[in-house]
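Following: one structure in structure tokens, then a few remarks.
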Amino acid sequence: MTEHVRVAVIGSGFGGLGAAVRLRREGVTDFVVLERADSVGGTWRDNSYPGCACDVPSHLYSFSFAPHPDWPRTYSGQEYIRAYLEHVADVFRLRSHLRFNSEVKKLTWDAEKLRWGIETSSGSLTADVVVSATGALSDPKVPDIAGIDTFPGKVFHSARWDHDYDLRGKRVAMIGTGASAIQIVPAIQPEVAHLTLFQRTPPWVMPRVDRAISGAERWLHRKLPITAQARRGLLWGIRELQVQAFTKRPGELGMVEQLAKRNMARAIKDADLRARLTPDYRIGCKRILLSNTYYPALAQPNVDLVDGGLSEIRGSTLVAADGTEAEVDAIVFGTGFHVTDMPIADRVVGADGRTLAESWKDGMKSLRGATAAGFPNWLTIVGPNTGLGNSSMILMIESQLNYMADFMRQLDVLGGRVALEARPSAVNAWNREVQGRMKRTVWNSGGCESWYLDANGVNTTIWPGTTTEFRRATRRIDLAEYEVLRAPTEVVDKGRTKKTVETGA
Ligand code: NAP
């Protein structure tokens with residue numbers, strides 16, 4: 001017989017583990033966490049490239065319900081964040097729920113039984129509710145470069161680092177200048193023979209105020225947890241105050257550009273190189289990057305900056321859009337992720353037989369970043385328009401966990417075999433409001449192209465407000481925004497009118 005669970009969570013990064021903790025706290029223990037890899041950690045497991053660290057301070061980039069007084073640095077490295085997530089899995093007794101090597105291949109809504117059929121690489125199961133926590137930065141994107149199959153050397157993506165391949169003494173091409181690349185460049189520059197950096201668009205790079213957290217501070221945070229809370233509160237408050245500039249008054253960010261230019265001028269003495277490294281769009285339009293070591297690395301004699309991006313590969317020769325050629329032994333793609341076209345969307349088949357990808361073909365749309373019309377009892381963590389430009393995603397994830405918890409409570413209160421499906425009118429109203437607020441933001445008006453915008457130029461990724469506003473918007477389920485589906489034959493409209501529909505059951 002096919003196994004049935006109350007909830008299937010997909011993914012065991014911050015979102016999936018957070019969902020698991022929250023479900024247990026809500027008294028839901030009949031759930032599994034399906035994970036395609038063989039350990040927890042999500043993006044913090046997959047991204048192990050040299051120099052990988054978080055650019056949000058650790059005391060804010062951690063769960064409020066799992067404070068960690070022992071963060072070693074203000075901005076901790078990937079290995080510490082990954083270890084933190086392993087620790088969360090242990091402390092909150094999540095191990096028995098974890099199903100490793102279980103990649104979700106297909107999710108199909110069963111309109112008769114009001115449940116999801118789930119096919120995974122390790123077998124099939126069914127679930128009343130699916131919580132998709134696959135993350136926005138989980139599937140690496142490698143551009144379709146002509147001639148890539150003719151390259152005789154080593155090729156890998158920043159999120160799939162090959163630690164068995166020794167870069168020492170090699171001629172290496174780094175493709176891209178995003179958050180990953182600017183951490184990789186200074187980490188590998190000292191050991192490679194030559195580094196060619198293919199830059200399509202220069203980023204704004206601010207100084208990174210990073211330091212070790214002293215033993216005394218850690219002791220204090222352990223003995224007096226309120227001090228760690230105060231630290232977190234301060235980090236949060238500062239970022240909350242910055243939001244207005246990003247969302248309503250991007251002109252104010254111009255002052256910040258001066259700091260970034262000074263950061264560059266300190267290390268780059270060549271005026272021509274400085275000009276090539278200076279962005280022509282408003283700071284904040286793309287993610288603001290933090291590094292004290294990126295520019296100094298670019299000033300080293302074994303580094304060349306090539307403009308225009310990589311456009312073709314002829315054997316071991318890489319050709320940039322401006323015609324510049326470079327012969328290399330290895331290519332590292334720091335070219336980002338499938339964010340607005342996430343692969344899981346192709347695998348979710350909703351109530352009308354359409355996939356989520358088909359339903360989102362004109363752009364991702366959800367209700368409050370969580371649910372979608374046509375996909376009953378399906379929630380996503382880090383869904384459309386829940387990303388942040390300047391603060392910690394963990395704050396947003398925890399808001400979404402509140403929403404998920406209330407979703408489960410509502411199902412219990414309604415009782416019986418029941419499902420909640422977002423009304424198209426509610427989804428549209430939510431998106432009209434979000435997109436209305438988006439117009440003035442730096443992400444839409446800052447004069448750049450970024451992964452925040454989809455193929456139609458619509459910003460379906462970022463939340464155009466404060467984390468407090470999002471917390472308020474996701475505190476509770478508003479049943480008026482949902483259609484209540486009941487098995488086998490009734491639909492209760494807003495809890496008022498009952499109409500019977502044929503489900504064939
Ligand atoms: P990304 O920000 O999407 O950057 C991709 C880079 O590849 C861009 O510079 C892009 O240029 C470039 N690119 C694409 N095709 C190219 C081509 N043919 N030739 C040359 N360049 C090309 O990806 P990412 O750096 O992996 O970062 C993704 C996100 O992950 C970040 O925005 C951030 O949210 C997160 N992240 C966070 C941290 C952290 O510290 N917390 C660290 C790493 C990543 P264009 O700019 O011209 O498109």
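Atoms within a ligand are numbered from 1 in the order they appear, just like the ligands themselves.
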Exercise. Verify the distance criterion only: is there a donor paired with an acceptor across the side chains of Ser39 and Arg82 at less than 3.5 Å?
Key: yes

Quiz item: Among Lys170, Arg171, Lys154, whose salt bridge (Lys or Arg N to Asp or Glu O under 4.0 Å) with Asp329 holds?
Solution: Arg171

Self-check item: Polar contact flag, side-chain donor to acceptor under 3.5 angstrom, Arg211-Thr74
Solution: no

Quiz item: Heavy-atom contact under 4.0 Å between Gln183 and ligand 1?
Solution: yes

Practice problem: Answer yes if the ring centres of His157 and Phe337 are under 6.0 angstrom apart, and no otherwise. | Solution: yes

Quiz item: Is there any N or O on Trp44 that sits under 3.5 Å from an N or O of ligand 1?
Solution: no

Exercise. Could you check whether the rings of Trp161 and Tyr49 sit parallel, tilted or perpendicular, using 30° and 60° as the cut-offs?
Key: tilted

Quiz prompt | Region of Lys286 engaging ligand 1 - heavy atom pairs below 4.0 Å | solution = side chain

Quiz item: Are the aromatic rings of Phe375 and Trp360 close, with centres under 6.0 Å apart?
Solution: no

Practice problem: Starting from atom 47 (O) of ligand 1, locate the nearest protein heavy atom and write down its residue, its atom name and how far away it is, to 0.1 Å. | Solution: Thr201 OG1, 2.4 Å

Quiz item: Taking atom types as modelled and ignoring hydrogens, do the side chains of Gln183 and Ser291 form a donor-acceptor contact shorter than 3.5 angstrom?
Solution: no

Quiz item: Which residue owns the protein heavy atom closest to atom 13 (N) of ligand 1, what's the atom, and how far is it?
Solution: Thr335 CG2, 3.7 Å

Quiz item: How are the rings of Trp443 and Phe246 set relative to one another: parallel (under 30°), tilted (30 to 60°) or perpendicular (over 60°)?
Solution: parallel

Exercise. With atom 18 (N) of ligand 1 as the reference point, say which of Leu197, Leu310, Thr177 has the nearest heavy atom.
Key: Leu310

Quiz item: Are Phe14 and Phe63 near enough that their ring centres are under 6.0 Å apart?
Solution: yes

Quiz item: Hey, does Tyr49 come in under 3.5 Å of ligand 1, counting only N/O atoms on both sides?
Solution: no

Quiz item: Atoms of ligand 1 less than 4.0 Å from Ile145 heavy atoms?
Solution: 18 (N)

Quiz item: Among Ala136, Cys52, Gly334, Gly336, whose heavy atom sits nearest atom 7 (O) of ligand 1?
Solution: Gly334

Practice problem: For atom 26 (O) of ligand 1, grab the closest protein heavy atom and report residue, atom and distance to one decimal in Å. | Solution: Ser180 OG, 2.7 Å

Practice problem: Mark yes when over 12 heavy atoms from residues, nucleotides or ligands other than Tyr75 sit less than 6.0 Å from its OH; otherwise mark no. | Solution: yes

Practice problem: Out of Gly176, Ser291, Gly51, indicate the one that has the non-hydrogen atom closest to atom 12 (C) of ligand 1. | Solution: Gly176

Quiz item: Short N/O distance, under 3.5 Å, between Ile175 and ligand 1?
Solution: no

Self-check item: Shortest protein contact, atom 4 (O) of ligand 1 (heavy atom only)
Solution: Gly178 CA, 3.7 Å

Quiz prompt | Within-cut-off N or O pair, Asp55 and ligand 1, under 3.5 Å | solution = yes

Self-check item: Nearest-contact summary for atom 33 (C) of ligand 1 - protein heavy atom, Å
Solution: Arg287 CD, 3.5 Å

Quiz item: Which ligand 1 atoms are under 4.0 Å away from a heavy-atom of Phe198?
Solution: 20 (C), 21 (N)

Self-check item: Backbone or side-chain N or O of Ala179 under 3.5 Å from ligand 1 N or O
Solution: yes

Quiz prompt | Ion pair Arg200/Glu449, N-O distance below 4.0 Å | solution = no

Quiz prompt | Per-atom contacts of ligand 1 with Gly309, taking only distances under 4.0 Å to non-hydrogen atoms | solution = 19 (N), 20 (C)

Quiz item: Do side-chain atoms of Ser102 reach the backbone of Phe100 as a donor and acceptor pair under 3.5 angstrom?
Solution: yes

Self-check item: Check: Leu137 N/O within less than 3.5 Å of ligand 1 N/O
Solution: no

Self-check item: Heavy-atom neighbours of Arg168 CZ exceed 12 at 6.0 Å
Solution: no

Exercise. Show which atoms of ligand 1 fall inside a sub-4.0 Å distance from at least one heavy-atom site of Phe337.
Key: 26 (O)

Quiz item: How far is atom 48 (O) of ligand 1 from its nearest protein heavy atom, and which residue and atom name does that atom have?
Solution: Arg200 NH2, 2.9 Å

Exercise. Begin with the C-alpha distance, continue with both residues' side-chain angles, and end with the deciding distance and a verdict on side-chain hydrogen bond (donor to acceptor under 3.5 Å, both in side chains) for Ser48 and Asp46.
Key: CA-CA 6 Å; Ser48 61; Asp46 293 343; over 6 Å; no

Exercise. Identify, by atom number and element, the atoms of ligand 1 in contact range of Ala53, meaning under 4.0 Å from any of its heavy atoms.
Key: 39 (C), 40 (O)

Practice problem: Have a look at Tyr452, Phe333, Tyr61, Trp451 and point out the one with the heavy atom closest to atom 1 (P) of ligand 1. | Solution: Trp451

